[in-house]
Amino acid sequence: MEQKKRVLSCIQPTGDMHFGNYFGAVKNWVDLQAEYECFYGVVNYHAMTMPYDSKKLVHNTWELIFNLMATGLKTETLFIQSLVPEHAELCWIFNCFTSYGQLSRMTQFKDKSKQSEESSEGFISAGLLNYPVLQAADILIYRADFVPVGDDQDQHLELARNIAQRFNNQAGKEYLILPKALHTEVPRVMSTAEPTRKMSKSAGEKHYINIFAEPDRIRKQIRSAVTDAGDTPAGEMSPGVKNLFSLLKACEKHDIYDALMNNYNAGNLKYVDLKEAVAEALVEISNPFRQRKAEINANKKEVKEQVKASSVEIRKRAQETIREVQELSGLLNVKF
Ligand code: ADP
């Protein structure tokens, strides 16, 4: 039997999970489990690169694990980054194979350092600069073939390949696998309160819809979605209406989508019908999530043990890579 290709993806523990995260990333992860050998990391080391609260970080790390499990990720695919400290060791080694100039040109570094500077009295951590090196370690340590990423991450993935190539050149061996991006078409979900900006936690509560919210809250948020802000040129679909249609499509409600789109094209779409359809579709998707989350919440201790155990299993692969990397790079090691 041909061995399954490996997929690696990571997510930062930064709070609630919303439908933007779900349709834009997590749903894809759930689907990939059927075809690939998957590793999904909750990357708490990465969450330290911006100002943060340590108690909240612990809480958010577990909460994200529970949320990912409730959406359908298998426990054995999940690990917590700090339970695999080899990521940090490999990051150091890779720092020495990374061009400082290339790092300082990363778009995300430029954006986030500006944010960091504004929010914390001018403090920009070196961790923020080295973030993509740690990301390269996350990927290369599992010898991943594919990384499902959005276009905004292409620059980081290119850096990971550059690091791998430079390491392999020095080692005189094609040891590290050069990972490829796995681009899947995913919707960019917009805020229903302000449909010209993307749905995001960082913009505040009204700008995102929690996937575990009670049905009434979901309905209320969709009912109050902005449809026409009055500044859309004639003949064009407004961003708010576009976003609602896109949500309906993401929920795979193709028949209702077609019927309502026909109404729109005929000029007789009632926004209330579109909102009703979107709200019900989102509630339907969220029902099993809420149910599974309640089950997990009732068994937190056991679930935590399971995830610690899967992290230990996954760590074995990382340890093997570290051992080989140490050998290839001239470092002394004590065999694990
Ligand atoms: P947030 O902006 O809410 O903090 P994150 O930056 O933590 O979200 O994103 C986690 C994942 O969810 C990333 O893979 C990102 O591409 C995806 N994602 C976040 N917001 C959206 C959105 N509005 N539409 C589509 N995908 C999104």
Side-chain angles (χ1 to χ4, degrees), residues 5-14 18 20-33 35-43 45-47 49-50 68 77 81 87 90-91 93-95 97-116 124-169 174-190 197-202 246 250 321:
K5 295 276 185 195
R6 272 191 196 165
V7 157
L8 179 286
S9 200
C10 293
I11 186 163
Q12 275 201 57
T14 51
H18 54 72
N21 302 138
Y22 179 67
F23 290 125
V26 179
K27 181 174 187 288
N28 191 26
W29 292 9
V30 175
D31 296 342
L32 289 170
Q33 295 179 119
E35 202 181 326
Y36 297 94
E37 185 187 8
C38 298
F39 298 90
Y40 297 123
V42 169
V43 288
Y45 287 150
H46 283 275
T49 54
M50 296 285 276
L68 291 170
T77 66
Q81 191 185 29
H87 286 238
L90 190 60
C91 175
I93 297 172
F94 283 172
N95 267 322
F97 288 84
T98 305
S99 144
Y100 168 77
Q102 193 178 0
L103 262 194
S104 59
R105 286 192 297 274
M106 292 287 140
T107 315
Q108 185 176 301
F109 171 67
K110 288 188 201 158
D111 292 349
K112 291 211 166 172
S113 56
K114 204 182 282 165
Q115 264 179 47
S116 207
I124 300 169
S125 76
L128 194 60
L129 178 71
N130 289 308
Y131 184 109
V133 185
L134 181 57
Q135 205 176 1
D138 299 336
I139 300 165
L140 299 172
I141 207 164
Y142 298 111
R143 314 176 62 72
D145 301 287
F146 295 108
V147 188
V149 286
D151 299 350
D152 61 333
Q153 289 295 318
D154 281 352
Q155 208 182 17
H156 287 181
L157 200 57
E158 188 58 32
L159 180 86
R161 276 197 298 270
N162 293 156
I163 293 172
Q165 193 67 70
R166 203 167 293 121
F167 182 89
N168 288 347
N169 287 348
E174 292 303 304
Y175 173 68
L176 294 170
I177 292 178
L178 271 55
K180 292 193 190 74
L182 193 65
H183 288 304
T184 319
E185 206 192 316
V186 288
R188 187 174 146 86
V189 181
M190 310 307 283
R197 66 194 291 175
K198 81 172 188 150
M199 181 173 284
S200 170
K201 292 173 289 252
S202 47
S246 147
T321 306

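What you see below is based on every heavy atom in this structure, not just the backbone, and it leaves out hydrogens, waters and symmetry mates. Quick note: residue numbers are just sequence positions, from 1.
Taking each heavy atom of Cys91 and Ala137 in turn, the nearest pair found is N-CB, 3.8 Å. Nearest heavy-atom pair across Val186 and Gly24 is CG2-O, 3.6 Å. Of all heavy-atom pairs between Cys38 and Thr77, the closest is O-CB, 3.5 Å. Of all the heavy atoms in Met199 and His18, the pair that sits closest is O-CE1, 3.5 Å. In plain terms, the two heavy atoms of Ala144 and Ile177 that are nearest each other are O-CG2, 3.7 Å. In terms of heavy atoms, Arg6 sits closest to Tyr142 at NH1-O, 2.8 Å.
Between the side chains of Gln108 and Asp152, not a single donor N or O lies within less than 3.5 Å of an accepting N or O.
Phe94 and Phe167 have perpendicular rings, their planes meeting at more than 60° on a 0 to 90° scale where under 30° would count as parallel.
The number of heavy atoms from other shown groups lying within 6.0 Å of CZ (Arg188) does not exceed 12.
A 4.5 Å side-chain heavy-atom check between Val189 and Ser246 finds every atom pair outside the cut-off. Here the side chains of Trp29 and Pro148 are in contact, with some heavy-atom distance below 4.5 Å. Contact check for Tyr131 versus Phe109: no side-chain heavy atoms found under the 4.5 Å cut-off.
With hydrogens and angles ignored, the 3.5 Å screen pairs no side-chain donor or acceptor of Gln81 with any backbone N or O of His87. The backbone N or O of Leu128 lies less than 3.5 Å from no partner atom in the side chain of Thr49, so there is not a single donor-acceptor pair.
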Tell me, with the steps shown, if Asp154 and Val149 meet side chain to side chain contact (heavy atoms under 4.5 Å, CB included).
CA-CA 7 Å; Asp154 281 352; Val149 286; 4.0 Å; yes
Begin from the C-alpha positions of Ile11 and Leu68 and carry the test side chain to side chain contact (heavy atoms under 4.5 Å, CB included) through to its verdict.
CA-CA 10 Å; Ile11 186 163; Leu68 291 170; 4.1 Å; yes
Should Leu178 and Asn168 be marked as a side chain to side chain contact (heavy atoms under 4.5 Å, CB included) after you check the CA-CA gap, both sets of side-chain angles, and the distance that decides it?
CA-CA 10 Å; Leu178 271 55; Asn168 288 347; 4.0 Å; yes
Apply side chain to side chain contact (heavy atoms under 4.5 Å, CB included) to Asn28 and Phe23, showing your working.
CA-CA 7 Å; Asn28 191 26; Phe23 290 125; over 6 Å; no
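From Asp138, atom CG reaches atom SG of Cys10 across 4.5 Å, with rounding to the nearest 0.5 Å. The CG atom of Leu157 sits 9.5 Å away from atom CG of Leu159, with the distance rounded to the nearest 0.5 Å. Distance check, rounded to the nearest 0.5 Å: CG of Leu129 to CD1 of Ile124 gives 10.0 Å. Note: Asn95 CG to Tyr100 OH = 12.5 Å, rounded to the nearest 0.5 Å. We find the CG-OH distance between Asn169 and Tyr175 to be 16.0 Å, quoted to the nearest 0.5 Å. Put simply, CD on Gln153 and OG1 on Thr107 are 10.0 Å apart, with the number rounded to the nearest 0.5 Å.
For the ring pair (Phe, Tyr, Trp, His ring centres under 6.0 Å) test, no residue two or more places apart in sequence or in another chain qualifies with His156.
Residue pairs meeting the salt bridge (Lys or Arg N to Asp or Glu O under 4.0 Å) criterion with at least one member in residues 102-113: none, sequence neighbours excluded. Applying the salt bridge (Lys or Arg N to Asp or Glu O under 4.0 Å) test to residues at least two apart or on different chains, the pairs with a partner in residues 157-168 are Glu158-Arg161.
Between Val7 and the choices Leu32, Asp145, Val147, the side chain to side chain contact (heavy atoms under 4.5 Å, CB included) rule is met once, by Leu32.
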